[in-house]
Every structure is written in C-alpha cells, then in structure tokens.
Amino acid sequence: MSFKRLHELIHLADEKHMSIGQLMLETESEQSGQTKEEILEAMTRQFDVMAEAAHTGVSQPISSRTGLTGGDAYRVSQYLQGERSFLEGSAARAMSYALSVNEVNAGMGRIVATPTAGSAGVLPGVLVSLLDEGRYPKESLVLALLTAAAIGLVIANSASISGAAGGCQAEIGSATAMAAGALVELAGGNAEQVGHAVGLALKNSLGLVCDPVAGLVEIPCITRNGLHAVTAMAAADMALAGVRSIIPPDEVIQAMYDIGNEMPSTLRETGLGGLAATRTGQLLREWVLGDSSKPCKRGESHEI
Amino acid sequence: MRYNSVFEIIGPVMVGPSSSHTAGAARIGNLARALLAEEPIVARFYLMGSFAETYQGHGTDLALIGGVMGFGPGHPGLATADLEAQQRGLEYSFQKKNFGFFHPNTVTIQLYGETKEVNLIASSIGGGKAEVQEVDGLPVKFTGERPTLVLYHTDTRGFLAKVFHIIDGFGYNIARLSMERWNPNGNAITVCEIDGYVRPELGETLKAWIPELQDYRLIRIE
C-alpha cells in the first residue's frame, strides 16, 4: 500500500499502536525488501548531508552561483549571537540553518531534496537545530524524517510537490507541513495532532505562488525557507497545545491542489510573473542571464 | 500511485539548485543515455514550458548534458558538465519548442551515437522524479526506478506470451506493462517494469528465443 489520505494514515497508525514514523518504516521495508536497519542507515546518511549543508553557511558567508544572493545565513547567525533578536533558541537557529541549506543549494552544492531543492531548508533547519541543542538524539531525528516522508507521500500522491504544477505552496507548503507534523511526533504528540499540525501549516501556505526572480531558486526562495522553518515550529506548538485545523487536513491538501490548478502559468515556476515581473526582478534577470539567447554568466566572482 | 518510497520525498541527495530543473533533468539525461546504450556524440535538446523559460539559471542545461554523459543527480561534475562535454567531443544544442500537452517541465532529446540514435520526450515531474513520455514517437511511460525492459519488436501474435513465459521462468514479477505499435504487424515497443533485481541474462535469453525481438534495453537508473 502507499499513502494517499492523511486520515487513513492516522487511522492505521492508531490501529497498529505505532507512530507515523514507525508505520512508514515498516511500510517502506515491506515494499522495498530492504531491512529497517538498511533504510535507517540510508536515511542517516541523508541526515548527515543535511547537517553539513545547514552548518556550511552559518560558519562562513557563501554565495550563489549567479551572485544574486548569499551571506544571509552567516549574517543572521552573527546577529543572533547578540541580545536584540526577537526569536531565540531553536527557532532562531532553525531559521539560520534553513537559510544556509538553500544558500548551499543556490551555489550548486550538495543538499537533500525535502521534498524539493527549493524547499530543502525547512526540515534540516528545524531538525539539525534540535540535534545541535542536544534536545533529541540523532536516531529520533532520523525517525522524524520518516514521519515527514509519510506526510510528504500523502501530499505528493493526492496533490503535488512541484512548483511548476502547483506553485510554491506545493513545495514550501509541503515542506512546512512535513516539518510541523514531524516535530509534533518528535515531541510525543499523537497521530491526530500530527494531522492538525499539517493542516495548520499548510493552510498558512495556501496560495503561495512560485515567482522566483529570473526563474532562479534564490529570490524569494532562500529567505522563505528561513521564515517557514519558524512557521513549522509555530504550527507544531499550536497543534501540541491542542489547536485544531477546523478544515480537515485532507481537505486542506485538496484545496491546495485546486488552487494550484487555477494558478496561471506565469506564477508557476516560469519566472514570468509576480516578483520576477517587478522592475527590479527584470533588471536582475538581465544582469544574471543577460540576453536570454546567450548563455548564463556562470561562476563569476563577486563580493557578498 | 505516483510516489511510493520515503526516498522520493526525503531525497535524493543532489547538486542544486532545483530538484525538478537540475536533479530531474540529470535523470532524464541518464534515461536518454540508457536508451541509446552507447556513447553519445551529438545531443539536441528541445525545451518547453518552465524548462524553456528558466533552464540556464537552474543549470538545467548542465544537468541534461551531464546526464547524457552518465552523471547522476548527485554528481559534483554536473556544475562543469559543459567543459567535460567539450573535452569528450560531445556536441550539444538547446532550443525552445512547444510540442504539445505535457507537464510544464518537459524536454525532447535527440541523442546520436556512433551507430544508434534515440528520440525521446521526458518530463521532470517534481522532487527529482523523471518520467519518459514518448520513445521514437510512441507514447511509452516509464521512470527507470524499477528494472525496466524496453523491447523493440514487430507486432506479432503471441509475442507477449513468449515474453511472459521467459520472465516467469526467471521467477520475476511484472510490475507495470505497456505495448504500443505504429501499425498492425509493424514495429512496436513494449515496456515491462519488473520488481526487484533483474539478472542481465534475461535480455539475452529473450533475444535468443524470440525472433520478432529486434533489440532491447534493460534500464535501471539508480
């Protein structure tokens, strides 16, 4: 079997007295023929890639390949060492880590798509920050990735995780929902609370268009990952506090799908509408890509 | 179900910046290379939709070039695939072209080797997943995630029965199957996805026992 509806997943987990993460592990093992240990090992290797990408940009300023963006993860992590920041602790650190992952990505460095590269910062942002704080052992965080995967499978199979098909809501919205649900399970919340966290997080992302400047996974993608790492934690806290998603999570996912279908193609990863179409967006496009018939200026050095 | 595994959602480990435009494009290149089954000399890429609008900034061009040279989505050489192509003497070109109702991230690849050529349409459907849509003008869908037999044959009665008999003899289960032909008794392509590991001898056995089978590929893209 595979996962297509969240309520089925929650029901099955309750029935088997398992967490969603454990249920996912068992199902993956049955379907792939791999042992649970093999799956967890492979997932741990991915977690290590995530941690590396989360740390790279906060320890030194890094720049994107085009030179459009960079250095923000470092800026934020330096600032957070002072005492003026509003965000503190896990959330602040998660924000800087998420920025870092997407800066590494924009530099054609190695990341893990979670579920996509454009939204690759959110999950590592929150999970690696919890690892570094020592709040949870690595094994629990790797299992949380399986919880996130189960949620992602539901969204991918009943809606979409492609920005070109469904807008940014399908990418960052999915990532935020996956992270929120994973955090709830990590904190000991039940499967139903996981569902509410997914609903709350995804509702907050509905309608987000994919309008990156020059079509690049940089503006607004990088900062959006930073901000949504914080949103994921907030949604998890709400669900753990007992806040419910009044619209059932499966219906929220359906709404996301419908909204995506009604979105014009200019706002679905074509780099034509929205922020990409602003005066500055167009100037930046010209600066990076030049005449669109010519090849991109690659690997030029620049200061950040 | 389109997505089945946790590693389709958490993963792949990939070189950025875009799962659909970089990792998926590299996979499409890998699929084209596997279908050609020899070293490519000339690659012509026709891009539509989002691919056509944004390919340079996403490194889609580098990923496609790297892909047909055999670089996977996590290969660090993708970032400099254009230089590698120059060294290998691979000639390539990119053009915008709308070729119909497909996923917005779709490419047509004409790939030429010393003795063979292949023409395929494939889409990057999100999260680094890629799906072939057409091979040599026939609607044929597969992803290469499972071992996939692509059989080039003439449309004759009993062909599939013979294929099934041999696959069954090897003890394999067929996960997905399709057959398309240009016209009755004409050329046809059968695509057969198989569960689990497949020994390479399967292809040779099919070729030896089924005279209508002109050629085959056994494809698995890790």
(message) Assess whether a salt bridge exists between B/Arg33 and B/Glu39, defined as any Lys/Arg side-chain N lying under 4.0 Å from an Asp/Glu carboxylate O.
(response) yes
(message) Taking side chain as everything from C-beta outward and backbone as N, CA, C, O, which of these in A/Ile151 sits under 4.5 Å from a heavy atom of chain B? Side chain, backbone, both or neither.
(response) neither
(request) Sort A/Ala170 into side chain, backbone, both or neither according to what part of it lies under 4.5 angstrom from a heavy atom of chain B. (result) neither
(message) If you count heavy-atom pairs within less than 4.5 Å of chain B, which of A/Ala150, A/Ser174, A/Ala156, A/Gly271 leads?
(response) A/Ala156
(message) At a 4.5 Å cut-off on heavy atoms, which part of B/Pro12 comes close to chain A: side chain, backbone, both, or neither?
(response) both
(request) Output yes when B/Arg88 and B/Glu84 qualify as a salt bridge under the 4.0 Å nitrogen-oxygen rule, no when they do not. (result) yes
(request) Measure A/Thr114 against the heavy atoms of chain B and call it side chain, backbone, both or neither at under 4.5 Å. (result) both
(message) With a 4.0 Å cut-off on N to O distance, would you call B/Asp195 and B/Arg176 a salt bridge?
(response) no
(message) At a 4.5 Å cut-off on heavy atoms, which part of A/Met50 comes close to chain B: side chain, backbone, both, or neither?
(response) side chain
(message) Out of A/Ala113, A/Ala149, A/Ala42, return the one with the most heavy atom pairs under 4.5 angstrom to chain B.
(response) A/Ala113
(request) Using non-hydrogen atoms and a 4.5 Å limit, figure out which bit of A/Glu28 sits close to chain B: side chain, backbone, both or neither. (result) side chain
(message) Ring-plane angle category for B/Tyr92 and B/Phe94, please: parallel below 30°, perpendicular beyond 60°, tilted otherwise.
(response) perpendicular
(request) Check the surroundings of atom CZ in B/Phe102: do more than 12 heavy atoms from other residues, nucleotides or ligands lie under 6.0 Å from it? (result) yes
(request) Examine whether an atom of B/Ser20 lies under 4.5 Å from a heavy atom of chain A, and if so say whether it belongs to the side chain, the backbone or both; otherwise answer neither. (result) side chain
(message) Looking at chain B, which one of A/Leu25, A/Val104, A/Ile39, A/Leu123 has the largest number of heavy-atom pairs inside 4.5 Å, strictly under?
(response) A/Ile39
(message) Can you tell me which portion of B/Ser124 sits under 4.5 Å from chain A's heavy atoms? Options are side chain, backbone, both or neither.
(response) neither
(message) Any salt bridge linking B/Glu91 with B/Arg44? Criterion: basic side-chain nitrogen under 4.0 Å from a carboxylate oxygen.
(response) yes
(request) Identify which of A/Ala117, A/Gly152, A/Ser32 forms the greatest number of heavy-atom pairs closer than 4.5 Å to chain B. (result) A/Ala117
(message) At a 4.5 Å cut-off on heavy atoms, which part of A/Leu272 comes close to chain B: side chain, backbone, both, or neither?
(response) side chain
(request) Please work out whether the ring planes of B/His58 and B/His21 are parallel, tilted or perpendicular, with thresholds of 30° and 60°. (result) tilted
(request) Check step by step if side-chain contact (heavy atoms from CB on, under 4.5 Å) holds for B/Leu35 and B/Val135. (result) CA-CA 9 Å; B/Leu35 279 169; B/Val135 174; 4.0 Å; yes
(message) Given heavy-atom pairs under 4.5 angstrom as the criterion, report whether the side chain, backbone, both or neither of A/Ala106 touches chain B.
(response) backbone
(message) Can you confirm whether more than 12 heavy atoms, excluding those of B/Lys207, are under 6.0 Å from its NZ atom?
(response) no
